[in-house]
> 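Can you keep this structure in mind? I'll have questions shortly.
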Amino acid sequence: QVQLMESGGGSVQVGGSLRLSCAASGDTYRTACMAWFRQGPGKARDRVAAIASDGTPTYADSVKGRFTISQDNAKNTLYLQMNSLKPEDTAMYYCAASVHFFCSQDSGLYSYWGQGTQVTVSS
């Protein structure tokens, strides 16, 4: 089993920054891809960013150039640096891990999930 726990969410003004963290524990060797998803009110859960086992990152078009995903394997921690935040970034953000080497956009292919952390961007 793999346990994930997010932290770092909060309220920020438009143009501000936040860094989310995801601490992983348990059988972390089972994970091959880690990702961040978000879900706003009345919206589907969409993948924001993902990072493969070789370190290759992938981003949703809506966050390219603003968000950066990274991981510290020694600390078993995943990060999401969010800059130039917009109101449309307001959502619950979830950390997820998949056993598949292909970093899918489909949330159904991620086996492990954190509890989520709320990000609110106001003007």
> Got more than 12 heavy atoms from elsewhere within 6.0 Å of CD, Q118?
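Above 12, so yes.
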> As a quick check of understanding, evaluate salt bridge (Lys or Arg N to Asp or Glu O under 4.0 Å) for D89 and K86, giving each step before the final call.
CA-CA 5 Å; D89 294 320; K86 305 175 181 179; over 6 Å; no
> Suppose we screen for salt bridge (charged side-chain N to carboxylate O under 4.0 Å, His left out). Which residues come up paired with R47, at least two apart in sequence or across chains?
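Testing R47 for salt bridge (charged side-chain N to carboxylate O under 4.0 Å, His left out), a comparison that skips the adjacent residues, returns none.
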> To the nearest 0.5 Å, tell me how far H100 NE2 sits from T31 OG1.
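Those atoms lie 12.5 Å apart.
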> Which pair of non-hydrogen atoms, one from Y110 and one from C103, has the smallest distance, and what is that distance?
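Scanning both residues, the minimum pair turns out to be OH-C, 3.8 Å.
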> Is T120 reaching over with its side chain to a backbone N or O of T90, donor-acceptor style, under 3.5 angstrom?
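Flag not set: sc T120 to bb T90 has no pair under 3.5 Å.
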> Is any side-chain heavy atom of F101 closer than 4.5 Å to a side-chain heavy atom of S53?
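Yes. Closest side-chain heavy atoms under 4.5 Å.
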> Within this structure, what is the CD-OG distance for the pair Q39 and S107, rounded to the nearest 0.5 Å?
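Here the interatomic distance stands at 8.5 Å.
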> Not counting sequence neighbours, list each pair that qualifies as a side chain to side chain donor-acceptor pair (under 3.5 Å) and has a residue in residues 10-23.
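Sorted result for residues 10-23: S17-N83.
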> Tell me yes or no: between the side chains of D106 and S104, is some donor less than 3.5 Å from an acceptor?
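Note: D106 and S104 side chains miss the donor-acceptor criterion.
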> With side chain to side chain contact (heavy atoms under 4.5 Å, CB included) as the criterion, how do R38 and S62 come out once you've worked through the C-alpha distance, each side chain's angles and the decisive distance to 0.1 Å?
CA-CA 12 Å; R38 69 184 182 187; S62 60; 3.5 Å; yes
> Parallel, tilted or perpendicular: which one describes the rings of Y94 and W113, with boundaries at 30° and 60°?
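Geometry flag for W113 against Y94: perpendicular rings.
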> Among Ile, Leu, Val, Met, Phe, Trp and Tyr joined by side-chain contacts under 4.5 Å, find the other residues sharing a cluster with V12 and list them by chain and number.
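Members other than V12 - counting any ILVMFWY side chain reachable under 4.5 Å - are V2, L4, V14, L18, L20, M34, W36, V48, I51, Y59, V63, F67, I69, L78, L80, M82, L85, Y93, V99, Y112, V119, V121.
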> Can you tell me how far apart SG (C95) and CD (Q115) are? Round to the nearest 0.5 Å.
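That separation rounds to 11.0 Å.
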> Check for a donor-acceptor pair, side chain of D72 on one end and backbone N or O of T77 on the other, with a separation under 3.5 Å.
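No: the side chain of D72 does not pair with the backbone of T77.
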> Any donor and acceptor pair, going by atom type alone, linking the side chain of E6 with main-chain N or O of G116 inside 3.5 Å?
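Confirmed, E6 side chain pairs with G116 backbone.
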